[in-house]
Undergrad: 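To start, I am sharing the structure in question, which I have written as structure tokens.
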2 protein chains.
Amino acid sequence: MSRTRKDRPGRTGSLTMADLAELAGVSKITVSRALADSPLVTPETRERIQALARDHGYKLNVSARNLRLRRSHTVAVIVEMKPSSDRTMLDPYPLTLLGGIAQELTAAGYSVLLTTRQGAAAAAVQAADGLILLGQGVRQDAVRRFDKLGLPMVVWGAHGEEDAHAVVGSDNRMGGRLVAEHFLRQGRRHPVFVGNPSHPEIFERLSGFVDTLTAHGIKPLLLRRDEFTLASGIDAVHSLATRKVPFDALFACSDLLAMGAIRAVQELGRKVPDDCSVVGYDDMPMAAAFQPALSSVRQDWQAGGSLLAQKMLALIAGEPVESQVLPVSLVARAT
Amino acid sequence: MSRTRKDRPGRTGSLTMADLAELAGVSKITVSRALADSPLVTPETRERIQALARDHGYKLNVSARNLRLRRSHTVAVIVEMKPSSDRTMLDPYPLTLLGGIAQELTAAGYSVLLTTRQGAAAAAVQAADGLILLGQGVRQDAVRRFDKLGLPMVVWGAHGEEDAHAVVGSDNRMGGRLVAEHFLRQGRRHPVFVGNPSHPEIFERLSGFVDTLTAHGIKPLLLRRDEFTLASGIDAVHSLATRKVPFDALFACSDLLAMGAIRAVQELGRKVPDDCSVVGYDDMPMAAAFQPALSSVRQDWQAGGSLLAQKMLALIAGEPVESQVLPVSLVARAT
DNA sequence: ACAGCTAATGATATCGATATCAAGACATCG
DNA sequence: CGATGTCTTGATATCGATATCATTAGCTGT
């Protein structure tokens with residue numbers, strides 16, 4: 001029984017370049033060149049081999065090529081996906097960041113390898129040409145751990161004092177300041193920040209907010225809420241009411257939280273924005289259709305993703321890359 | 001100053017098993033076994049080698065292993081990302097599907113390779129152990145094209161008549177029927193469907209909607225809108241008003257569209273739901289906080305993602321897999 | 001003591017592609 | 001006519017891991 005490669009059991013039934021070479025009566029390397037459109041082979045034989053490859057459904061073995069070329073045209077994106085009640089990357093908005101990254105990288109011919117920090121899958125990360133970290137603070141140990149891989153790396157989040165790598169993030173401090181100024185213009189006396197400041201980005205919003213207000217002699221209250229849900233916003237306001245804490249302005253660090261808060265304030269029989277103004281964060285599309293129309297700080301997640309990807313591509317190309325903060329803007333509507 | 005990249009001279013900078021072997025005074029294969037916790041090596045030498053690997057920061061070359069083992073522990077997810085005005089996978093909700101997939105697969109030790117249909121990046125797909133297709137209709141040529149790769153494949157979307165592969169999707173027809181019955185119970189006479197029926201899933205919603213209504217002697221109107229935005233919803237209602245078409249019930253195929261429509265209806269001086277009831281789709285979290293509280297068809301994208309992933313894992317394990325439709329439910333609120 | 005057995009390790013081939021260098025065919029030029 | 005150069009193709013080594021089969025050391029049993 002002749003062992004032709006045609007009758008290999010099962011597998012993918014895929015031929016190798018060696019098979020093609022035999023079929024065409026040339027050597028492997030000629031096949032390799034022909035398929036790569038190398039000018040080193042006669043147009044005639046190139047055509048012939050390419051046709052052969054098409055007809056027989058030849059499929060390149062990417063692992064073999066990656067091994068030989070020592071690059072994978074793949075960028076790993078590592079997201080924080082702890083199943084806790086914390087805001088996870090599985091939320092729609094952080095995922096938008098991923099969408100921006102994917103769009104930019106695939107346009108450049110790169111693939112995106114999506115992984116979590118935990119899990120055995122982390123092994124695959126090492127095959128990547130670069131690393132984008134989402135959802136973990138910059139100073140976390142995770143960042144240092146991945147730094148050890150020696151891969152080009154870009155991080156999304158708050159900026160550290162002395163970052164060893166490029167960081168891209170929204171200007172959260174500016175977001176806090178804009179809202180503070182908004183409240184000051186309205187003459188509010190008892191502003192409250194609602195959110196989870198243990199999250200570095202949100203901490204920055206808080207500090208921009210607090211700094212601006214205290215500079216004007218106003219001392220805001222911090223109401224800590226870990227969840228970014230409607231219920232959490234409602235609950236936050238209830239908590240203020242039962243404690244009889246005075247408040248006339250709320251800065252919630254997500255739109256959902258803000259909407260919940262507004263409903264709760266209204267249920268207390270108080271008017272928004274007359275008795276209490278409210279500002280959210282992210283400016284989701286329906287913020288404008290909310291009643292009353294929600295004021296919110298807009299940050300462009302998708303643009304952030306694109307930027308992360310662009311910096312990554314630059315790093316891979318060996319160019320130097322700087323950290324960058326993306327400006328945010330306050331969209332002042334009714335509340 | 002940019003210290004973006006570790007500047008090692010020449011080489012890849014990382015050692016290989018051969019290097020470790022030399023350091024430990026054993027052979028490559030012993031190193032391989034030691035690192036794989038194989039019982040074939042003495043616990044003592046295993047410890048020694050593992051310590052050595054740690055100390056020297058040894059990193060496995062995944063491409064090499066993939067080549068040898070002929071599997072990559074990677075599942076490719078191919079999403080439709082055309083930059084048209086169509087609903088793209090970059091929208092938050094379809095991305096949630098991806099979140100579910102990622103969570104399930106990474107928990108099982110697999111990585112997710114995210115790619116678009118176009119682009120050279122498609123090459124990397126062939127290295128995957130399986131393929132999940134999102135965002136393209138089942139009967140599209142794209143599906144057939146990827147089918148040729150001979151990889152385990154699962155598709156998200158509407159179910160075809162005779163599918164050659166496993167399809168998972170929401171029960172869109174049921175969604176349409178539920179809304180139709182809701183309108184019938186309310187005694188509505190002039191229901192309108194707002195959305196883009198060229199999208200197979202949305203076409204199913206439409207047909208479930210229409211079939212149920214016509215069975216009760218009511219003929220709904222189709223108002224075609226391609227975008228899933230607030231503006232589009234507003235515009236849709238305006239178009240009805242200027243054409244003086246009578247309507248007393250709107251079924252919008254996204255919540256955003258529904259919210260825009262509601263605002264437009266209210267601006268016309270008509271009451272929701274008294275003069276016109278409205279139902280959206282997806283039941284986004286803030287649907288409940290909308291005023292009036294939005295009724296919506298709930299579909300669990302993330303669960304869909306998990307299910308896709310589970311079926312993929314089963315396929316990879318060689319088990320047979322059936323197509324499946326996920327039930328949806330109508331969350332009837334004020335509108 | 002010697003055949004027979006297990007435990008631990010190693011030599012070699014292999015996965016499928018590409019880089020390097022060499023070689024044959026053919027044309028050009030002094 | 002021989003030397004040189006260009007064009008096309010090929011033989012071989014290599015990337016870094018693992019499978020297979022062979023080998024050695026240590027142990028038991030009668």
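In this text the structure is predicted, and so the values were computed from the model without any measurement. Every chain is numbered from 1, with letters handed out A, B, ... down the list of sequences.
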Undergrad: Could you tell me whether the phosphate oxygens of D:dG16, OP1 or OP2, come under 4.0 Å of any side-chain nitrogen or oxygen in B:Tyr58?
TA: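 Checking D:dG16 against B:Tyr58, no side-chain N or O comes under 4.0 Å of OP1 or OP2.
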Undergrad: Distance check needed: D:dC15 P versus A:Asn61 CG, whole Å only.
TA: 18 Å
Undergrad: Round to a whole Å and report the spacing from CZ of A:Arg65 to P of C:dC15.
TA: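 The distance from CZ of A:Arg65 to P of C:dC15 comes to 20 Å, rounded to the nearest Å.
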Undergrad: Can you tell me the distance, in whole Å, between the CG atom of A:Leu60 and the P atom of C:dC15?
TA: 16 Å
Undergrad: Relative to the 5' end of DNA chain D, which residue comes earlier, B:Thr16 or A:Pro43, by the nucleotide with the nearest heavy atom?
TA: A:Pro43
Undergrad: For B:Asp37 and B:Gln50, test the side chains for any donor-to-acceptor distance below 3.5 angstrom and give the result as yes or no.
TA: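 Checked: B:Asp37/B:Gln50 side chains pair up, N/O donor to acceptor below 3.5 Å.
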Undergrad: Side chain of B:Ser27, heavy atoms from C-beta onward: which of D:dA17, C:dG10, C:dA17 has the nearest atom to it?
TA: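 That would be C:dG10.
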Undergrad: Of all the choices, C:dA17, C:dT9, C:dA13, which nucleotide is nearest to the side chain of B:Leu40 once you look at every atom?
TA: C:dT9
Undergrad: With a 4.0 Å cutoff (strictly under), does any side-chain N or O of B:Ser32 reach OP1 or OP2 of D:dA17?
TA: no
Undergrad: So, A:Thr42 side chain and A:Glu44 main chain: donor-acceptor pair closer than 3.5 Å or not?
TA: no
Undergrad: CG of A:Asn66 versus P of D:dC15: gap in Å, rounded?
TA: 16 Å
Undergrad: Looking only at the side chain of A:Thr42 (C-beta and beyond, no hydrogens), which of the listed nucleotides D:dA17, D:dT9, C:dT9 gets closest?
TA: D:dT9
Undergrad: With a 4.0 Å cut-off on heavy atoms, is A:Val26 in touch with a base, just the backbone sugar-phosphate, or nothing at all?
TA: sugar-phosphate
Undergrad: Tell me the interatomic distance from A:Met17, atom CE, to C:dA19, atom P, rounded to whole angstroms.
TA: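 That distance rounds to 11 Å.
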Undergrad: With a non-hydrogen cut-off below 4.0 angstrom, is B:Thr45 in contact with a base, only sugar-phosphate, or nothing?
TA: sugar-phosphate
Undergrad: What's the closest nucleotide to the side chain of B:Arg68 if the choices are C:dG10, D:dA19, C:dA17?
TA: D:dA19
Undergrad: Does atom CD (B:Glu319) have a neighbourhood of more than 12 heavy atoms from anything else shown, all under 6.0 Å?
TA: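 Yes, because the 6.0 Å sphere around CD of B:Glu319 holds more than 12 heavy atoms from other groups.
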Undergrad: Could you state the CZ-C1' distance from B:Arg70 to C:dG16, rounded to the nearest angstrom?
TA: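 My rounded result for the distance is 9 Å.
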Undergrad: Nearest whole Å is fine: how far is D:dT18 P from B:Leu20 CG?
TA: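 Rounding to the nearest Å, CG of B:Leu20 and P of D:dT18 are 12 Å apart.
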Undergrad: Could you work out which one of D:dA17, D:dA13, D:dT9 sits closest to the side chain of A:Lys28?
TA: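 From the listed options, D:dA13 comes nearest.
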Undergrad: Using the rule side chain to side chain contact (heavy atoms under 4.5 Å, CB included), only one of A:Val154, A:Ile101, A:Leu114 pairs with A:Leu134; which is it?
TA: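 Answer after filtering A:Val154, A:Ile101, A:Leu114: A:Ile101.
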Undergrad: Check each of B:Asn66, B:Leu113, B:Leu67 against B:Ser72 using the side chain to side chain contact (heavy atoms under 4.5 Å, CB included) test, and report the only one that passes.
TA: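 Among the candidates, only B:Asn66 passes.
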Undergrad: The side chain of A:Val41 lies closest to which of these nucleotides: D:dT20, D:dT9, C:dC15?
TA: D:dT9
Undergrad: Grab the CG-C1' distance between B:Leu69 and D:dA17 for me, whole Å please.
TA: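 The answer, rounded to whole Å, is 8 Å.
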Undergrad: Quick one: does B:Arg33 reach the base of C:dG10 with a side-chain donor-acceptor pair under 3.5 Å?
TA: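 Answer is yes: a donor-acceptor pair is held.
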